[in-house]
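FYI, side chains are in, hydrogens and waters are out, and symmetry mates aren't considered; it's all heavy atoms of this structure. Just follow the structure's listing: the first ligand is 1, and inside any ligand the first atom is 1.
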Amino acid sequence: MTGDPGVRVRRIRADEADALREIRLRALADTPLAFGSTHGREATFPDERWLSWARDSAAGAAQATFLALDGADAPVGLAFAVVDAGGRNAHLYSMWVAAEARGRGAGAALVAAVLEWTRAGGARTLRTAVTIGNDAAGRLYDRAGFRDTGTREPLGHSEAEVAVLERDLAA
Ligand SMILES: CC(C)(COP(=O)(O)OP(=O)(O)OC[C@H]1O[C@@H](n2cnc3c(N)ncnc32)[C@H](O)[C@@H]1OP(=O)(O)O)[C@@H](O)C(=O)NCCC(=O)NCCS
């Protein structure tokens with residue numbers, strides 16, 4: 001586990017599908033322009049979708065979800081990492097910290113957990129995307145060693161664009 005004494009980060013457990021649904025839907029409702037998906041879309045996901053997300057993220061080398069927990073063990077943050085077939089490139093998605101828990105290192109601890117997990121699995125690069133203008137997230141990724149690849153893509157559900165960032169895991 002990582003993080004300061006107030007917030008700790010650990011990998012999700014297979015039996016935490018309900019907690020995952022709750023925090024993910026909170027994130028999508030809180031910051032719609034930070035994500036390529038939408039609350040309207042994911043609120044309709046059936047139970048099985050959340051069960052498989054939690055189960056497939058709790059163990060194994062293909063994907064991992066990390067939760068940030070407050071001092072009372074309530075989830076206050078989320079990050080989701082997926083490794084491409086072949087294992088060389090990994091992707092970071094769904095990064096979110098509840099407003100009441102921000103500014104205490106939870107975001108940095110979530111990124112650190114993803115870096116540690118992807119590196120341990122042998123991936124060479126970790127990619128993520130940040131919406132242009134999301135300066136708090138941009139600073140977080142900059143501090144964690146991501147660089148701007150220069151690639152711009154549409155967010156998908158709005159006019160917003162994302163910048164594709166990459167972290168060299170050998171560095
Ligand atoms: C981006 C986000 C994940 C950052 O989470 P966070 O938990 O606040 O991140 P951190 O606490 O690690 O860092 C935030 C700031 O607090 C500062 N900080 C970290 N620990 C601190 C501490 N113990 N004391 C004082 N300041 C601290 C950091 O230096 C950073 O400063 P900055 O705002 O000048 O850059 C969060 O703002 C968020 O969820 N935003 C909405 C969703 C979103 O944008 N997701 C990203 C999608 S790409």
In ligand 1, the atoms that come under 4.0 Å of a heavy atom of N134 are 43 (C), 44 (O)

Margin query: Using a 3.5 Å cut-off on N or O atoms only, is V130 in polar contact with ligand 1?
Written below: no

For A108, the atoms of ligand 1 under 4.0 Å from one of its heavy atoms are 12 (O)

Note: ligand 1 atoms sitting under 4.0 Å from heavy atoms of A106 are 7 (O), 11 (O)

Are the charged groups of E116 and R11 less than 4.0 angstrom apart, N to O?
no

A129 near ligand 1 by a heavy-atom separation under 4.0 Å:
yes

So the atoms of ligand 1 within less than 4.0 Å of a heavy atom of A137 turn out to be 1 (C), 46 (C)

Hits for side chain to side chain contact (heavy atoms under 4.5 Å, CB included) against A136, two or more places apart or cross-chain, chain-then-number order -> N134, R139

Do ligand 1 and R143 have nitrogen or oxygen atoms that lie under 3.5 Å from each other?
yes

Quiz item: Short N/O distance, under 3.5 Å, between R139 and ligand 1?
Solution: yes

Side chain of R102, backbone of V97: donor and acceptor closer than 3.5 Å?
yes

Spell out, as yes or no, whether a donor-acceptor pair under 3.5 Å connects the side chain of S94 to the backbone of F80. no

Look at the side chain of S57 and the backbone N and O of A54, then say whether any donor-acceptor pair between them is shorter than 3.5 Å.
no

Counting only nitrogen or oxygen atoms and a 3.5 angstrom limit, does A101 reach ligand 1? no

Mind checking whether L78 and L67 have side chains closer than 4.5 Å, heavy atoms only? yes

Would you say ligand 1 has an N or O under 3.5 Å from any N or O of G107? yes

Sequence neighbours excluded, the answer for side chain to side chain contact (heavy atoms under 4.5 Å, CB included) partners of D56 is S52, Q63

Original post:
Below 3.5 angstrom, do we get any N/O pair linking G103 and ligand 1?
Top reply: yes

*Look at the side chain of R119 and the backbone N and O of L169, then say whether any donor-acceptor pair between them is shorter than 3.5 Å.*
yes

Short version for R104: what comes under 4.0 Å of ligand 1, heavy atoms counted, is backbone

### Query
Taking D84 for the side chain and G87 for the main chain, is one N or O donor matched with an acceptor at less than 3.5 Å?
no

Checking heavy atoms under 4.0 Å, the part of V97 that sits near ligand 1 is both

Query raised in the report: Polar-atom distance check: T31 versus ligand 1, any N or O pair below 3.5 Å?
Result: no

